[in-house]
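Shown next, in structure tokens, is the structure this report addresses.
These values consider heavy atoms only, across backbone and side chains, with no hydrogens, waters or symmetry-generated copies. All figures in this text were calculated on a predicted structure; none of them were measured in a lab.
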Amino acid sequence: VQGRLWGPVAAVAASFGYAGQNEVGEELETVGYYEDLLDTRDARVEMPEDWVTMEETNAIRQTNDLRGIEFIPDYQGSFKRVTLRTNRWGFRDRDYEREKPPGTFRIAVLGGSYTMGSGVENDETFENLVEDRLNERGDLASYERVEILNFAMAGFSVLQEMRLHDLVVLDFDPDMVLCTVHVNEDVMVRRAL
């Protein structure tokens, strides 16, 4: 990857910068820091009533494998107060062709809710923003364009992501697979087992 695309990817990533944590993140960090000092072990951030889990939506269906759930293809509804749309293949992203177009560098992204884009519109997910910026720059080494396919699912552990990789992602012929993990991954893995 470094020899073929790393320079443009690194430049786009650097252009996003770091804006700091959001308000909820700062509050959670503060609660964690002062937990022992202020005896706030039971302090919880109140979530809105309509802030449901993926399992409480109509966007998914059960599977008979380690993944447990998958998106329903061509679904449109609401999740975390934004529109949640899936493409014809059943992942939250633009509608790509299964066969990779010639001259395209394809990246598959796996992960949980942050990667899926919980709480943001489809066109605001980080992978869509990076894909747009890379293609706008046009400096993609020997490639005409880049596609970043978002296979992430809220609540997925790395075990579920690897099963998704084997069952679905490889059919899209990615040149690179990016797997993101959550800081509570050990808890999520134990839950999946």
Interatomic distance, CE@Met153 vs OG@Ser118, rounded to 0.5 Å, equals 10.0 Å
>> Go through it in stages, so that I can follow the logic: the residues are Arg94 and Asp123, the test is salt bridge (charged side-chain N to carboxylate O under 4.0 Å, His left out), and I'd like the CA-CA distance, side-chain angles, deciding distance and then a yes or no.
In response: CA-CA 8 Å; Arg94 298 169 174 150; Asp123 61 347; over 6 Å; no
query = Any side-chain heavy atom of Ile72 within less than 4.5 Å of one from Thr86?
reply = no
**Prompt:** Is there a side-chain contact between Trp89 and Asp95 (heavy atoms, below 4.5 Å)?
**Reply:** yes
Residue set satisfying side-chain contact (heavy atoms from CB on, under 4.5 Å) with Glu124, at least two apart, ordered chain then number -> Val120, Glu121
### Query
Between Gln76 and Thr83, is a side-chain contact (heavy atoms from CB on, under 4.5 Å) present by the stated rule, with each step listed?
CA-CA 7 Å; Gln76 181 166 328; Thr83 302; 4.0 Å; yes
Taking the side chain as every heavy atom from C-beta outward, state whether Phe105 and Leu140 have any atom pair closer than 4.5 Å. no
Below 4.5 Å, heavy atoms only, C-beta onward: do Arg61 and Pro73 meet side chain to side chain? yes
Problem - Trace of the side-chain contact (heavy atoms from CB on, under 4.5 Å) decision for Leu159 with Leu66 - result: CA-CA 8 Å; Leu159 296 175; Leu66 182 60; 3.9 Å; yes
For Val168 and Phe151, the nearest pair of non-hydrogen atoms, with its separation, is CG1-CE2, 4.0 Å
- Any link between Leu167 and Ile69 through a network of hydrophobic side chains (Ile, Leu, Val, Met, Phe, Trp, Tyr) touching at under 4.5 Å? yes
Nearest heavy-atom contact between Glu161 and Gly112 is OE2-N, 3.7 Å
### Query
In terms of the angle between their ring planes, are Phe91 and Tyr96 parallel, tilted or perpendicular, with boundaries placed at 30° and 60°?
parallel
message = Between Leu134 and Arg145, is there a side-chain heavy-atom distance shorter than 4.5 Å?
response = no
What one should report as the nearest heavy-atom pair of Thr125 and Gly117 is CG2-CA, 3.9 Å
Q.
Can you confirm whether Phe156 sits close enough to Thr115 that some side-chain heavy atom of one is under 4.5 Å from a side-chain heavy atom of the other?
A. no
Per side-chain contact (heavy atoms from CB on, under 4.5 Å), Leu110 is matched among Val177, Leu178, Thr180 by Val177
Check whether any side-chain heavy atom of Met116 sits under 4.5 Å from a side-chain heavy atom of Phe71, and report yes or no.
yes
Only residue of Arg106, Lys100, Arg98 satisfying salt bridge (Lys or Arg N to Asp or Glu O under 4.0 Å) with Glu147 is Arg106
Rounded to the nearest 0.5 angstrom, the CD-CD distance for Glu70 and Gln160 is 12.5 Å
#### Entry: Stepwise side-chain contact (heavy atoms from CB on, under 4.5 Å) check, Val146 with Ile107
CA-CA 8 Å; Val146 64; Ile107 302 169; 4.1 Å; yes
| said: Leu170 vs His165, test: side-chain contact (heavy atoms from CB on, under 4.5 Å). Steps then yes/no. | reply: CA-CA 6 Å; Leu170 291 176; His165 173 269; 3.5 Å; yes
Between the CZ atom in Arg137 and the CZ atom in Arg133, the distance rounded to the nearest 0.5 Å is 10.0 Å
The single option from Asn128, Asn150, Asn122 that satisfies side-chain hydrogen bond (donor to acceptor under 3.5 Å, both in side chains) with Arg92 is Asn122
Just wondering, do Cys179 and Met162 contact through their side chains at under 4.5 Å, heavy atoms? yes
Margin query: Checking the side chain of Glu144 only, and the main-chain atoms of Thr104 only, is there a donor and an acceptor separated by less than 3.5 Å?
Written below: no
